[in-house]
Amino acid sequence: MTKTTIIEIDKKNIDIDRLKAGAEILRSGGTVAFPTETVYGLGANALDENAVKKIFEAKGRPSDNPLILHIAKYDDIWDIVLEVSEKAEKLINEFWPGPLTLIFKKTSIVPKIVTGGLDTVAVRMPAHPIAKGLIELSGVPVAAPSANLSGKPSPTKENHVKDDLMGRVDAIIWGGDAVQGLESTVLDLTSDTPMILRPGGVTKEEIEKVVGKVDIDPALQGFKDSKLIPKSPGMKYTHYSPKADVILLKGNLDDMIKGIKRIKKDKESEGYKVGIIATDETKDKYEGDKVISVGSRKQLETVASNLFKVLREFDETDIDIILAETFQEIGIGQAIMNRLMKAAGYNVVKV
Ligand code: AMP
Ligand code: MG
């Protein structure tokens, strides 16, 4: 067991000495979990193989699942990437700091353990003041995957990180909720047409406004039996899977509601305990004590922000089956549906 220090920091009034204490742990080869605008990350000095190894161990993360390198200012990119294309530069100008991760060819100082053996490296500049300040003070690129145990939903709240990583990392910075709630968009820029490897906070539509046509990794269309292998190693793992089985209902809203009611009744008659992921607009249409609204259909950002929290909430219950409403795959809806599909293991009922 590792002794984990909790460092409380108010993001609106940052105590520099506390942030420096976190940065010192990173510099000396330790692991620090910290809030970002997407989800909480678990950081270590990306150039220190031993430190990076601790991330994989703490999370139980498969070694072929590469990490994203986080930098605090643009010039720091030159240590870790070989070239920045014109398209990359435009995207960086538009979206950094923010939830867009870009894939580049890596330099030789980036250890292979960080990239899962690939010769490319994923880079992001977070916008969260604690994340930015911590990375800047550490003076090194910070490798930081989400701060959850592998297989659990990414953490968006302090207590999620504590539940997963207490006793497994050197420090956790408590800095309030990660507001956006879904991980960054991962965009591969090493081919002619940029390709989204993981949908996230920055949408396909927004990227296309800056650099024109963008592809989506066809392996993400996601069918249980698909033979396609995702280009992003992490996407092949069934993340986010709650203890209960998740079934998604797809169709127009009225049919989804009817379908959920029908399946709930059937499953309950077979003796299963059934929960429902509803929305603000629909939650009153269902009966039972485990109906949780994930947010408002009129503001999908609220759904993005709450989704992982709701999945974790169901893990605290004895529910066997979760029936979930679905969303149109437009804008942030694409990232929401990607995570829901993975949570459900692509188990979809069309109504
Ligand atoms: P996480 O930080 O836990 O959100 O996971 C990072 C995601 O970025 C995973 O899905 C990785 O597979 C992906 N990723 C990191 N580096 C690369 C890379 N060089 N090429 C493709 N995907 C990457
Ligand atoms: Mg993750």
Side-chain angles (χ1 to χ4, degrees), residues 31-44 46 52 55-71 77 80-82 88 99-107 110-126 128 131 135 141-156 160-161 164-165 169 178 180-191 194-202 215-217 219-220 222 229-241 304 307-308 311-312 335 338-339 341-343:
T31 46
V32 180
F34 59 90
T36 82
E37 72 277 22
T38 58
V39 301
Y40 267 75
L42 174 60
V52 173
I55 293 180
F56 284 93
E57 283 166 6
K59 284 179 57 86
R61 185 174 175 102
S63 62
D64 70 342
N65 190 1
L67 309 179
I68 296 171
L69 265 53
H70 293 72
I71 57 175
I77 203 170
I80 53 181
V81 318
L82 284 182
L100 179 65
T101 295
L102 301 173
I103 309 277
F104 300 94
K105 297 228 166 68
K106 79 175 194 68
T107 60
V110 177
K112 287 260 171 167
I113 183 175
V114 169
T115 64
L118 300 172
D119 55 11
T120 53
V121 62
V123 186
R124 176 168 110 81
M125 187 193 290
H128 194 291
I135 296 162
V142 174
S146 49
N148 52 288
L149 289 173
S150 263
K152 292 259 240 150
S154 294
T156 54
H160 297 163
V161 183
D164 281 13
L165 296 182
V169 300
Q180 294 182 9
L182 296 182
E183 306 89 342
S184 60
T185 305
V186 176
L187 186 71
D188 186 359
L189 292 169
T190 59
S191 51
M195 184 182 278
I196 293 180
L197 306 187
R198 174 175 77 183
V202 176
D215 291 330
I216 297 189
D217 184 353
L220 298 188
I229 297 168
K231 284 198 177 0
S232 178
M235 298 305 283
K236 69 176 184 284
Y237 296 105
T238 356
H239 283 70
Y240 323 122
S241 35
L307 180 60
F308 289 148
L311 291 180
R312 278 182 184 254
N338 170 267
R339 306 310 191 271
M341 288 289 262
K342 290 185 76 178

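Since this is a predicted model, take the numbers as computed values, not measurements. Both ligands and their constituent atoms are indexed starting at 1 by order of listing.
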A.B. asks: In terms of side-chain heavy atoms, does S184 have a donor or acceptor partner in T38 at a distance below 3.5 Å?
C.D. replies: no
A.B. asks: What part of N65 sits under 4.0 Å from ligand 1 if we count only heavy atoms: the side chain, the backbone, both or neither?
C.D. replies: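 Side chain only.
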A.B. asks: Could you list which atoms of ligand 1 come closer than 4.0 Å to a heavy atom of A122?
C.D. replies: 15 (C), 16 (N), 17 (C)
A.B. asks: Should E183 be counted as touching ligand 1, given the test is an N or O pair under 3.5 Å?
C.D. replies: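 So ligand 1 has no N or O lying under 3.5 Å from an N or O of E183.
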A.B. asks: Which atom pair, heavy atoms only, marks the closest approach of L82 to K106?
C.D. replies: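 Closest approach of L82 to K106: CG-O, 3.4 Å.
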A.B. asks: At a 4.0 Å cut-off, with the gap strictly under it, does some heavy atom of I103 reach an atom of ligand 1?
C.D. replies: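 It does, in that a heavy atom of I103 comes within the 4.0 Å cut-off of ligand 1.
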A.B. asks: From the options T120, I80, V123, V81, select the one residue that forms a side-chain contact (heavy atoms from CB on, under 4.5 Å) with V110.
C.D. replies: I80
A.B. asks: Give the atoms of ligand 1, by number and element, whose distance to some non-hydrogen atom of L197 is under 4.0 Å.
C.D. replies: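 Answer for ligand 1: 21 (C).
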A.B. asks: Can you tell which part of V39 has a heavy atom less than 4.0 Å from ligand 1: side chain, backbone, both or neither?
C.D. replies: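 Under 4.0 Å from ligand 1, V39 contributes no heavy atoms.
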A.B. asks: I'd like to check whether K231 has a polar contact with ligand 1, where a contact means an N/O of the residue lying under 3.5 Å from an N/O of the ligand.
C.D. replies: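 No, no N or O pair falls under 3.5 Å.
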A.B. asks: Which residue is it: V142, I113, V52? I am looking for the one with a side-chain contact (heavy atoms from CB on, under 4.5 Å) to L67.
C.D. replies: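 Among the candidates, only V52 passes.
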A.B. asks: Return yes when at least one N/O/S atom of S146 is nearer than 2.8 Å to the Mg ion (ligand 2), and no when none is.
C.D. replies: yes
A.B. asks: What closest approach, in Å, do P145 and R61 show between heavy atoms, and which atom pair accounts for it?
C.D. replies: CB-NH1, 3.5 Å
A.B. asks: Show the atoms of ligand 1 that are less than 4.0 angstrom away from any heavy atom in L118.
C.D. replies: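 Under 4.0 Å from L118, ligand 1 has these atoms: 18 (C), 19 (N), 20 (N).
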A.B. asks: Under 4.0 Å from any heavy atom of T120, which atoms of ligand 1 are there?
C.D. replies: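 Near T120, the atoms of ligand 1 are 18 (C), 19 (N), 20 (N).
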A.B. asks: Looking only at heavy atoms, is any part of R61 under 4.0 Å from ligand 1, and if so is it the side chain, the backbone, or both, or is it neither?
C.D. replies: side chain
A.B. asks: If you compare all heavy atoms of I216 against all heavy atoms of M195, which two are closest, and at what distance to 0.1 Å?
C.D. replies: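 Where I216 meets M195 most closely, the heavy atoms are C-CG, 4.1 Å.
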A.B. asks: Could you tell me which residues satisfy salt bridge (Lys or Arg N to Asp or Glu O under 4.0 Å) with D119, sequence neighbours excluded, listed by chain and number?
C.D. replies: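 So D119 forms no salt bridge (Lys or Arg N to Asp or Glu O under 4.0 Å) with any residue.
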A.B. asks: Where is the tightest heavy-atom contact between P194 and L187, given as atom of each residue plus distance?
C.D. replies: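 In this case the closest contact between P194 and L187 is CB-CD1, 4.0 Å.
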